[in-house]
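Attaching a single structure in structure tokens format; questions to follow.
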Amino acid sequence: LAKTRGRNSIHYFTENMSTDFLKRMELIDDLRTAVEQKQFHLVYQPIVDLHTHRIAKAEALIRWQHPQKGLISPMEFIPIAEEIGLIVEISEWIFTQVSQQVHEWRQRHCADLSISINTSPVQYRNEGKLVKAWADSLLAQGIPYEAISIEITEHLLMDNQVEVVEALETLRQQGITISIDDFGTGYCSFSYLKNFAFDYLKIDQSFVQNMSIDNNDAALCEAIIMMAGKLNMQVIAEGIETEEQKQLLIDAGCTLGQGYLLAKPLSVMDFEQLLIKQNQSGSTT
Ligand code: C2E
Ligand code: MG
Ligand code: MG
Ligand code: MG
């Protein structure tokens with residue numbers, strides 16, 4: 001009867017593990033169903049010119065509406081989809097959706113619109129065959145390459161340098177622009193900047209959001225903006241939530257921004273309304 005504390009904690013630990021394990025198995029199962037039943041949709045968050053508030057870019061963000069559990073965050077299911085390889089199928093679906101959508105919007109509302117897609121390391125395996133096929137697909141559909149932009153994170157470059165860089169280089173030569181996402185949160189940020197020319201550098205929201213309260217964050221933002229300029233990259237500041245942050249970024253020389261202050265991620269219909277409004281008035285927000 002007298003259990004030791006040690007045995008109790010082991011018992012507790014294994015019980016917890018098995019609930020985590022079961023939850024994970026369930027999520028994997030649900031994800032497979034989600035792909036089959038197309039439970040995903042995309043929202044589009046405007047990337048705007050900080051001076052004029054004009055939209056010429058947007059980022060596509062995936063949403064999973066689970067029939068019982070409601071909306072599940074991509075932060076929760078993308079890592080699992082990456083682990084089990086399902087991200088490949090999901091990403092192909094995203095590419096098809098985005099390419100059709102951007103084509104339509106360019107023709108009807110905004111001729112220079114470009115939409116960025118987040119990509120995962122798995123998609124760059126086999127010499128990046130999958131992402132390279134995107135360029136062919138755009139060509140076949142008569143969609144200009146500059147209509148699509150690809151976002152990668154620093155982690156992606158760390159994992160598999162040569163293969164990834166080579167694939168991105170090919171795409172970039174064809175005219176698909178490349179953004180480095182969540183800049184400043186990964187490791188070894190400088191060596192790859194030396195070897196590869198990105199079109200856009202997205203300053204992570206954690207720096208932007210502390211700009212007005214932390215001098216170090218403000219200094220880092222200013223330095224990143226200056227560095228990017230010297231390397232011929234355009235900067236996009238992520239996660240702008242206040243007027244003060246926006247003004248500090250403008251003062252530091254940043255021209256493009258994304259964040260709740262400017263616009264939230266929008267449904268297809270709401271994004272289209274914004275484009276229509278922009279055409280009527282010249283600016284949106
Ligand atoms: P991310 O690519 O850095 O995307 C930006 C995230 O910041 C989005 O969260 C967006 O909704 C959020 N955000 C935008 N403005 C603000 C703001 O002003 N304040 C705050 N607090 N947040 C803001 P979301 O949509 O939940 O996506 C989270 C992450 O999930 C993304 O980070 C990206 O890494 C991943 N993800 C989302 N969609 C996709 C996708 O289609 N494919 C892949 N592979 N990953 C995706
Ligand atoms: Mg992104
Ligand atoms: Mg980001
Ligand atoms: Mg992020």
Side-chain angles (χ1 to χ4, degrees), residues 16-47 55 57-105 113-125 130-131 133-134 137 147-156 159 179 181-182 185-186 202 204-206 236 238-239 241 258-260 262-274:
N16 253 347
M17 265 211 355
S18 56
T19 7
D20 281 356
F21 180 75
L22 286 176
K23 268 197 188 149
R24 202 187 124 87
M25 295 308 286
E26 193 180 292
L27 198 59
I28 289 176
D29 240 30
D30 288 356
L31 254 181
R32 295 214 160 95
T33 313
V35 172
E36 278 164 25
Q37 299 185 353
K38 304 195 170 61
Q39 291 167 4
F40 302 108
H41 66 274
L42 292 172
V43 288
Y44 295 89
Q45 186 174 31
I47 296 170
I55 300 167
K57 296 181 192 307
E59 177 176 8
L61 296 160
I62 194 166
R63 296 291 177 262
W64 176 16
Q65 186 70 48
H66 189 289
Q68 283 89 38
K69 295 172 190 152
L71 211 55
I72 299 180
S73 162
M75 310 257 253
E76 198 176 326
F77 72 84
I78 292 287
I80 294 179
E82 285 175 346
E83 274 175 57
I84 62 171
L86 211 57
I87 191 70
V88 169
E89 225 173 308
I90 295 174
S91 298
E92 288 304 304
W93 175 83
I94 293 170
F95 171 75
T96 307
Q97 296 287 309
V98 172
S99 51
Q100 287 166 1
Q101 191 64 77
V102 74
H103 194 36
E104 185 191 320
W105 281 338
L113 185 67
S114 163
I115 297 183
S116 65
I117 298 177
N118 292 285
T119 58
S120 305
V122 194
Q123 294 171 261
Y124 293 88
R125 295 210 182 130
L130 283 170
V131 280
W134 286 2
S137 166
I148 294 287
S149 184
I150 284 178
E151 294 196 9
I152 63 162
T153 61
E154 291 169 301
H155 300 281
L156 200 150
D159 290 346
S179 309
D181 199 3
D182 301 345
T185 58
K202 301 185 80 173
D204 190 66
Q205 55 182 47
S206 58
I236 300 171
E238 293 193 272
E241 292 182 352
Q258 185 179 353
Y260 296 164
L262 306 156
K264 294 224 158 138
L266 303 170
S267 68
V268 167
M269 249 168 67
D270 288 345
F271 190 86
E272 188 162 335
Q273 285 307 310
L274 210 56

When K57, Q205, E238, K202 are each screened for side chain to side chain donor-acceptor pair (under 3.5 Å) with Q258, the one that passes is K202

Original post:
Hey, does the side chain of S137 reach the backbone of A133 with a donor-acceptor pair shorter than 3.5 angstrom?
Top reply: no

Value for CD (Q123) from CG (L130), rounded to nearest 0.5 Å, stands at 7.0 Å

In terms of heavy-atom contacts, P79 and P74 come closest through CD-O, 3.5 Å

request  = Evaluate side-chain contact (heavy atoms from CB on, under 4.5 Å) for E154 paired with D182, printing each intermediate quantity in order.
outcome  = CA-CA 8 Å; E154 291 169 301; D182 301 345; 5.7 Å; no

Applied to residues 92-105, the salt bridge (Lys or Arg N to Asp or Glu O under 4.0 Å) test, sequence neighbours excluded, yields E104-R108

Open item on the list: Parallel, tilted or perpendicular: which one describes the rings of F95 and W134, with boundaries at 30° and 60°?
Closed with: parallel

When you measure from the side chain of S99 to the backbone of T96, do you find a donor-acceptor pair of N or O atoms at a distance under 3.5 Å? yes

Residue set satisfying side-chain contact (heavy atoms from CB on, under 4.5 Å) with V35, at least two apart, ordered chain then number -> F40, L86, E89, I90

Margin query: As a quick check of understanding, evaluate side-chain contact (heavy atoms from CB on, under 4.5 Å) for V88 and R125, giving each step before the final call.
Written below: CA-CA 10 Å; V88 169; R125 295 210 182 130; over 6 Å; no

dist I148:CD1 -> I117:CD1 (nearest 0.5 Å) comes out at 4.5 Å

Run the numbers on I47 and L262 for side-chain contact (heavy atoms from CB on, under 4.5 Å), then give the verdict. CA-CA 8 Å; I47 296 170; L262 306 156; over 6 Å; no

Output for pair (I94 CD1, I115 CD1), nearest 0.5 Å, gives 12.5 Å

Rounded to the nearest 0.5 Å, the CG atom of L274 sits from the CG atom of L266 at a distance of 6.0 Å

Any side-chain to backbone donor/acceptor pair from S120 onto V122? Under 3.5 Å, distance only. no

Rounded to the nearest 0.5 Å, the CG atom of L27 sits from the CH2 atom of W64 at a distance of 5.0 Å

Side-chain donor or acceptor of T119 paired with backbone N/O of E151 under 3.5 Å = yes

Nearest heavy-atom contact between E272 and W105 is OE1-NE1, 3.1 Å

Sorted by chain and residue number, the salt bridge (Lys or Arg N to Asp or Glu O under 4.0 Å) partners of K69 (sequence neighbours excluded) come out as E26, D30

Output for pair (M25 CE, S18 OG), nearest 0.5 Å, gives 13.0 Å

Set out, in order, the CA-CA distance, both residues' side-chain angles and the distance that settles side-chain contact (heavy atoms from CB on, under 4.5 Å) for E82 and I78, then state yes or no.
CA-CA 6 Å; E82 285 175 346; I78 292 287; 3.7 Å; yes

What one should report as the nearest heavy-atom pair of L61 and P265 is CD1-CG, 3.9 Å

Taking every heavy atom of F271 against every heavy atom of I55, the minimum-distance pair comes out as CZ-CG2, 4.0 Å

Taking every heavy atom of A60 against every heavy atom of V98, the minimum-distance pair comes out as CB-CG2, 3.7 Å

All heavy atoms of Q45 vs all of A263, minimum pair found to be NE2-O, 3.0 Å

